[in-house]
Every structure is written in C-alpha cells, then in structure tokens.
Undergrad: 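Structure below; questions to follow.
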There are 2 protein chains.
Amino acid sequence: MGVNLKDIAQRAGVSLATVSNVVNGYRPVGERTRLRVQQAIDELGYSPNLGARHLRRGRTGLIALAIPELNNPYFAELAEIAIAEAAGLGYTLVMENTAADRGAELALLDGSRRHIIDGLILSPVRIGREEVLARTAHTPLVLIGEGVYDVPHDHIAIDNVAASHAAIQHLVAIGRRRTAFIGATRGGERQSAHLRVRGYREALTAAGLPYRSRLVAHTDAFGRLDGKRAMRDLLALGDPPDAVFGYNDLVAVGALRALAEAGLRVPEDVAVIGIDDIEEGRFSTPTLTTIAPDKREIGRLAVRRLVARIEGAEVAAPLTVQTPFRLIRRESTGTPVG
Amino acid sequence: MGVNLKDIAQRAGVSLATVSNVVNGYRPVGERTRLRVQQAIDELGYSPNLGARHLRRGRTGLIALAIPELNNPYFAELAEIAIAEAAGLGYTLVMENTAADRGAELALLDGSRRHIIDGLILSPVRIGREEVLARTAHTPLVLIGEGVYDVPHDHIAIDNVAASHAAIQHLVAIGRRRTAFIGATRGGERQSAHLRVRGYREALTAAGLPYRSRLVAHTDAFGRLDGKRAMRDLLALGDPPDAVFGYNDLVAVGALRALAEAGLRVPEDVAVIGIDDIEEGRFSTPTLTTIAPDKREIGRLAVRRLVARIEGAEVAAPLTVQTPFRLIRRESTGTPVG
DNA sequence: CATCGCCTGTATAACGTTATAGAGCCGCGC
DNA sequence: GCGCGGCTCTATAACGTTATACAGGCGATG
C-alpha cells in the first residue's frame with residue numbers, strides 16, 4: 001500500500017538499516033547520507049508503519065482510559081485532558097467504557113486487549129483490591145478515583161473524606177442543620193461513595209450536629225435521574241432536609257430539578273452542593289455550588305505516571321497522589337460573600 | 001512475553017498453521033485435532049498478538065471517531081453508541097478530538113495516523129469539499145454532520161433545514177412572532193449553522209413572519225457560554241425577541257441562563273428551543289424543548305458503513321443518509337398539550 | 001486398477017520494522 | 001609495514017501472525 005522503508009532505501013541508495021537510523025536516531029548517520037535519506041522521505045511522503053514498528057518493539061503506543069461512563073461530563077472533561085497529554089507524549093489514548101460493569105472492568109484488567117495496549121488507566125467501580133491483585137497481565141496500571149487501595153500500582157485521587165468535610169462545613173457555615181446526602185451505595189467499604197458518606201458523617205459530628213441515617217439516600221448509579229428520584233423521596237419525609245450534599249454534580253443537578261418540581265426555593269428552602277465542578281453547574285438555574293477537583297492535574301498525572309512506567313521506571317515504588325480541590329460557591333448555597 | 005502460536009503448536013503437537021486455523025477458522029480443521037488445540041489454548045491461556053495479526057492482515061482493527069469537542073454531551077452520547085457498535089463488530093474505536101481546529105482536521109484526514117487506523121469517521125467543522133477531495137490517504141472515510149457535500153464518501157446527517165423548519169413551526173404554533181436564532185457563523189455556505197439559519201428563515205417566511213437579521217446572533221463556538229452571551233446581547237436590543245431557537249441544546253442552555261439572570265420568565269416572556277436532545281435539557285429548569293436527532297441511528301450507521309467499506313465494499317456507491325428527527329416538547333416552550 | 005478429487009495437515013514466505021553482528025575504510029602507533 | 005580502534009554503513013535475523021503452495025491418505029469414479 002503505502003511507501004515503506006525499502007522504497008526510501010532504494011531511492012536514497014542506502015540500506016534499510018540506515019533509513020531506520022535516520023528516522024529514529026538509534027545510531028548516528030553521516031551528515032551527507034542523512035540529508036539524502038531525508039530528502040527521499042520528504043519526496044515520497046513516508047511515514048512509518050506503526051503496526052510493524054510496534055510488533056518489533058513490543059509496544060503499540062496505545063494506552064487505554066477506562067471510565068464507568070462516557071456520558072458523565074466529569075469523565076468527558078477528564079478524558080479530553082488525558083487525550084491531549086497522551087498525544088504530547090507520543091501515545092494514542094483509547095477510551096474504554098466499562099459502564100460501571102464488573103465484568104467489563106475485569107475483562108480490561110486482564111483481557112484480550114492486553115496485546116494491543118501498553119498500559120491502562122482505570123477508574124474502578126465494581127472491583128476491589130483482590131481483583132486487582134489477582135491480575136496476571138504485566139502491563140502498567142494506574143488507578144484513578146477511589147475504591148481500591150494497598151495495591152502495587154500508582155493511584156491518583158482526591159481526598160474524598162476531606163472534600164466531604166469541606167462541603168458540610170460550608171453548609172453548616174450558612175446555617176443548615178439538617179443536611180441530607182444523596183448517592184450512598186450498599187457495601188464497598190472503601191468505595192468513594194462510602195468515603196464521602198464518612199466525611200459527611202464526621203463533619204456533622206464535628207459541628208455538633210446529629211447524623212440521621214434517614215437523611216442518607218442510597219442510589220443505584222450516580223446520574224441526574226438518580227439524584228432526582230432520591231431528592232423526591234427525601235422531600236416525602238415528615239421533616240425534609242434544609243440542605244443536600246450530592247455524591248457528584250450530576251446527582252446534585254437531579255436534586256435541583258426535583259426541588260424545582262416540588263416548588264421549593266434553592267437555596268432559601270433547601271441548599272444544594274455537589275462535587276466535580278462540571279460546566280453544567282455553572283449554567284444551571286440556580287448555579288451549583290461544588291467541590292472542584294483539579295481535573296487537569298489528575299488527567300495529566302495519570303498519563304504521565306503510566307507512560308513513565310511503560311518506558312521503564314519499574315524501579316520506582318508505586319505512588320499514591322492526592323490531588324487538591326477547592327470549594328466554589330455559587331447560587332445553590334447562597335450568593336458568594338467574597 | 002506472552003504465550004504465542006508456537007507454544008500452542010508444540011503443546012498440541014501440530015503445526016503453526018493448524019493452530020491459526022483453529023483460532024480464526026480460515027480453513028477447516030478435523031474435529032479431534034481442533035479439540036486438542038483448543039485444550040492447549042485454554043491451558044496456556046493464549047490470546048493472539050493483535051499487532052502481529054494486523055501487520056500480516058494489513059489492518060489494525062482500530063477505527064477513529066473524530067469530533068470537534070468531547071465535552072459536548074451530544075458528541076459524548078454519540079461516541080458511547082459508536083464505541084459499543086464498533087466493539088460488537090470486532091473493532092476498537094479511538095476518539096480523536098479535533099477541538100474544531102482546522103489543522104487537526106487536516107492532520108487526521110491525511111496524517112501519520114493513517115497506518116494505525118483502518119478507517120475514520122469525521123465530523124468536519126473547519127474544512128470543506130476541497131480539502132476532503134485533496135486527501136491522498138486510501139482508508140475509508142465516513143462523514144457525519146453537515147458541512148461537506150458532493151464528495152465520494154458515505155455521509156450521515158439529519159436534514160438541518162427541515163429540523164429548523166420544525167422548530168420554528170412549533171414556536172409559531174405557540175404564538176411567537178419575534179423568534180431569534182443563536183449560533184450563526186460567518187462564511188461556510190454549507191455548514192450546518194448556515195443550513196439551520198436557512199431553515200429558520202424559510203420557515204419564518206412560510207409563516208408570513210418577517211426575517212430580521214438583527215435577531216440572528218453570531219457566535220464563535222457552540223457552547224453554553226456562547227449562548228449566554230448572545231442571549232444577553234439580544235436582550236439589550238430595543239425590542240427583544242419573544243422566542244429563541246438555539247443552534248444546539250448547549251447554546252439554548254446558555255440562553256436559558258441569561259434569561260434567568262435577566263429575571264425573565266421562560267416560556268412566558270421568552271420561549272426557548274434547541275437541537276440535540278442532550279440529557280441536560282431534560283433536567284434543566286425549565287426543561288428544554290428540543291429537536292431530537294436519532295443519535296443511536298447516526299452512531300450505529302456511521303460505524304457500520306465504515307466497517308463495510310473496510311471489509312471490502314468498495315464497489316457500492318457512496319451513500320448519503322438523512323436520519324430522522326422529532327420534536328420533543330418540554331417546559332421551555334410551554335407544557336406539552338398531549 | 002489407475003486416476004481424480006477431497007480432506008487434513010504441514011512447511012514456509014511474506015507483512016515492515018528494529019537491533020545485532022559484522023564489513024570496509026581510514027589514520028595512528030609500534 | 002602491520003595490526004588496531006573508531007567511524008559508517010550493510011546484511012540479516014528476529015517479532016507473531018496469516019495465506020499460499022504443497023504433500024499424503026483415502027474413498028469414489030471411470
């Protein structure tokens with residue numbers, strides 16, 4: 001099909017090996033021949049066949065980013081950053097959608113893709129420590145988000161407990177005394193949902209407020225619809241909450257909608273706060289107060305750690321990084337003071 | 001590294017070729033040997049090295065979906081569908097973000113990725129007919145969305161003019177007489193923005209309403225912020241519109257926000273309609289009336305056409321498909337009647 | 001009974017690249 | 001005058017797979 005090394009070699013009157021050396025500088029080439037080869041390359045419009053290169057090198061130049069839902073703007077924004085970072089390092093990022101499915105996560109960890117991918121960035125949802133430890137694939141793995149700990153892999157996440165503290169402290173500061181949480185899950189001791197509930201509980205206690213399990217709404221997933229339904233249920237309680245802390249912005253947006261349909265005012269009747277700082281929250285009515293993780297940092301760091309491992313930094317010990325976050329005050333908890 | 005064909009062949013006591021035939025059924029294999037080989041495969045946990053396979057076959061099994069912004073929920077939803085469809089056909093889809101950049105679109109059309117990708121689905125924004133015709137790469141190309149016509153490639157899009165008609169007719173039906181359009185662009189005769197403006201204009205004329213160029217707001221991009229700014233400008237006019245038709249839902253959401261900040265009621269003061277039916281519009285306050293394209297159909301069709309071409313349907317003439325759409329009435333144009 | 005064709009299975013040459021071993025040439029020191 | 005090391009470049013063997021050409025066995029056909 002296309003132009004290959006041999007064509008260039010013939011055109012320039014040199015050997016295959018010399019052309020290869022010109023292309024990727026593995027060994028030095030004399031100035032005159034290099035120029036001749038370069039000219040042939042330009043004239044014929046050669047670009048290396050990556051498949052063949054990777055067969056020979058044993059690497060494909062592909063890394064995968066596996067996330068539970070592409071539809072979630074948080075992950076879409078993260079993916080956009082990661083794709084750019086990977087491209088800058090000479091890698092192509094392919095997105096894998098696990099759809100929060102256990103089988104899909106397991107298949108990625110150790111599946112048939114292993115030959116096609118040099119490394120994997122995974123945001124685990126349904127698998128835990130054991131599954132990660134049981135993995136036999138030898139390609140580097142970087143974990144993002146919470147859920148799996150104490151495994152020999154790099155791990156990047158925000159401090160969920162601290163983030164929840166910040167959210168609750170803010171609600172307490174604006175005078176709320178009955179704050180609900182939407183987005184708890186059953187089981188999963190170390191899942192991020194669990195950690196966020198823990199932070200919620202600890203912060204309430206620290207503020208001298210009671211923890212009421214009725215105000216903790218469980219959901220199957222973390223989408224807008226889940227938030228809306230849960231909020232509706234909370235409003236049906238005898239004594240509904242005066243504030244809601246959503247597992248993420250999507251859930252919080254759903255809560256906003258349920259409140260609007262119920263004819264309640266935000267933040268006067270119920271204040272709402274989420275986590276993720278998705279763009280949608282900057283344009284909703286009311287705009288959404290949120291805990292903003294440093295998506296840029298997470299995306300770039302994950303890719304860079306992975307590439308470092310792929311390119312041979314096996315020696316370094318697995319790194320666990322907690323990226324910073326900040327509170328962004330918007331209308332859903334009252335007009336910012338500052 | 002991993003287990004390869006040779007290992008299996010030795011274990012089962014057969015030749016390489018036989019194992020290969022068992023794996024991909026290119027030629028029939030006797031029942032007894034097939035079983036023995038299969039057993040060896042299972043025992044050793046063999047999975048084919050895709051790089052090598054693709055080098056031999058001349059195909060990589062990768063197709064690319066190039067879209068102008070991953071952040072746009074419309075494209076994220078489309079991508080999710082396309083990824084699933086590609087996986088079902090044995091292909092891996094890699095996402096390419098052109099960021100609505102001309103250079104990026106050109107690079108994709110004819111760039112260094114050509115060896116790594118079997119085919120490309122492109123949503124062009126900044127390039128036109130000439131650039132597509134000038135392309136030298138020989139891999140199949142499927143275009144989605146509008147902007148490029150009369151090129152020898154499959155093309156899938158909704159009928160933008162008709163969609164705009166439907167939107168305007170709806171606004172007229174609910175009694176609006178001064179409808180603005182947000183999201184026009186300069187130049188680009190056949191760009192979708194241009195087509196949507198044309199439909200807007202034609203439908204107004206058909207309804208016996210005047211077309212006022214002051215009510216057509218131009219934007220640089222099609223995001224929430226663009227919609228918000230444009231709406232603000234429209235409201236500053238001496239006689240502001242009583243309805244707004246957004247280039248897409250994102251722009252419409254931005255308009256909703258500007259209206260809320262201006263203290264205007266939707267739909268009483270200003271009705272709003274968009275195109276895309278993104279989930280966000282089902283949860284915004286008010287919920288957003290929209291023209292819903294059949295995303296599932298577009299995503300699946302694009303992938304299937306591309307794969308058909310890759311697998312040798314060069315004979316068939318390029319297909320241009322217009323996928324259906326429907327109007328979804330929500331609060332932003334008044335409570336649905338039906 | 002020889003021949004033809006089918007059915008299984010094998011040996012082997014690609015695919016396009018990179019890394020290794022080595023060949024030719026030149027100048028320098030003993 | 002001969003060997004030795006440094007510098008370029010070349011020849012070639014992989015990487016793991018698939019497709020082609022071919023070989024042997026066996027029943028059916030003339």
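Labels below follow one simple rule: chain letters A, B, ... track the order of the sequence lines, proteins then strands, and each chain is numbered from 1.
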Undergrad: For dT10(C), does OP1 or OP2 lie under 4.0 Å from any side-chain N or O of T18(B)?
TA: yes
Undergrad: Nearest whole angstrom, please: distance from the P of dC7(D) to the CZ of R32(A).
TA: 19 Å
Undergrad: Please state whether the phosphate of dG16(D), meaning OP1 or OP2, lies under 4.0 angstrom from any side-chain nitrogen or oxygen of N4(B).
TA: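 Checking N4(B) against dG16(D): at least one side-chain N or O falls below 4.0 Å of OP1 or OP2.
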Undergrad: Given dT10(D), dT18(C), dG16(D), identify the nucleotide with an atom nearest to the side chain of R53(A).
TA: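 Side chain of R53(A) sits closest to dT18(C).
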Undergrad: Could you tell me whether a side-chain N or O of T98(B) sits under 3.5 Å from a main-chain N or O of I67(B), the two making a donor and an acceptor?
TA: yes
Undergrad: Could you give the NZ-to-C1' distance, from K6(B) to dA11(C), as a whole number of Å?
TA: 14 Å
Undergrad: Report yes or no: does H155(B) contribute a side-chain atom to a donor-acceptor pair with the main-chain N or O of G145(B) at less than 3.5 Å?
TA: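 Side chain of H155(B) to backbone of G145(B): a pair is present.
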Undergrad: Heavy-atom nearest nucleotide on DNA chain C for S20(A) versus G30(B): which residue maps closer to 5'?
TA: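 Upstream on the strand: G30(B).
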Undergrad: Grab the CG-C1' distance between N49(B) and dC15(C) for me, whole Å please.
TA: 13 Å
Undergrad: Reckon N21(A) touches a base, only the sugar-phosphate, or nothing at all at heavy-atom distances under 4.0 Å?
TA: nothing
Undergrad: For L5(A) and dT18(C), give me the distance from atom CG to atom C1', rounded to whole Å.
TA: 9 Å
Undergrad: Which of these nucleotides, dT18(D), dT20(D), dG16(D), is closest to any side-chain atom of Y26(B)?
TA: dT20(D)
Undergrad: Spell out, as yes or no, whether a donor-acceptor pair under 3.5 Å connects the side chain of R309(B) to the backbone of P140(B).
TA: no
Undergrad: If you assign L16(B) and L55(B) each to the DNA chain C nucleotide with the nearest heavy atom, which residue ends up on the more 5' nucleotide?
TA: L16(B)
Undergrad: Would you say N24(B) reaches dT18(D)'s phosphate, i.e. side-chain N/O to OP1/OP2 under 4.0 Å?
TA: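 Yes.
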Undergrad: In whole angstroms, how far is the C1' atom of dG16(D) from the OH atom of Y46(B)?
TA: 8 Å
Undergrad: Rounded to the Å, how far apart are R57(B) CZ and dA19(D) P?
TA: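 Interatomic distance, CZ of R57(B) to P of dA19(D): 6 Å.
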Undergrad: Just by distance, do the side chain of R305(A) and the backbone of D154(A) share a donor-acceptor pair under 3.5 Å?
TA: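 No; judged by distance alone, with no hydrogens or angles, the pair does not exist.
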Undergrad: Output the single nucleotide from dA19(C), dG16(C), dG16(D) whose closest atom is nearest the side chain of A52(B).
TA: dG16(D)
Undergrad: For the pair made of NE2 in H54(A) and C1' in dT17(D), what is the distance, rounded to whole Å?
TA: 17 Å
Undergrad: Are side-chain N/O atoms of N97(B) and E80(A) paired as donor and acceptor at under 3.5 Å?
TA: yes
Undergrad: Could you state the atom-to-atom distance from CD1 of I8(A) to C1' of dT18(C) in whole Å?
TA: 16 Å
Undergrad: Between dT18(C) and R56(A), counting only base atoms on the nucleotide and side-chain atoms on the residue, is there a donor-acceptor pair under 3.5 Å?
TA: yes
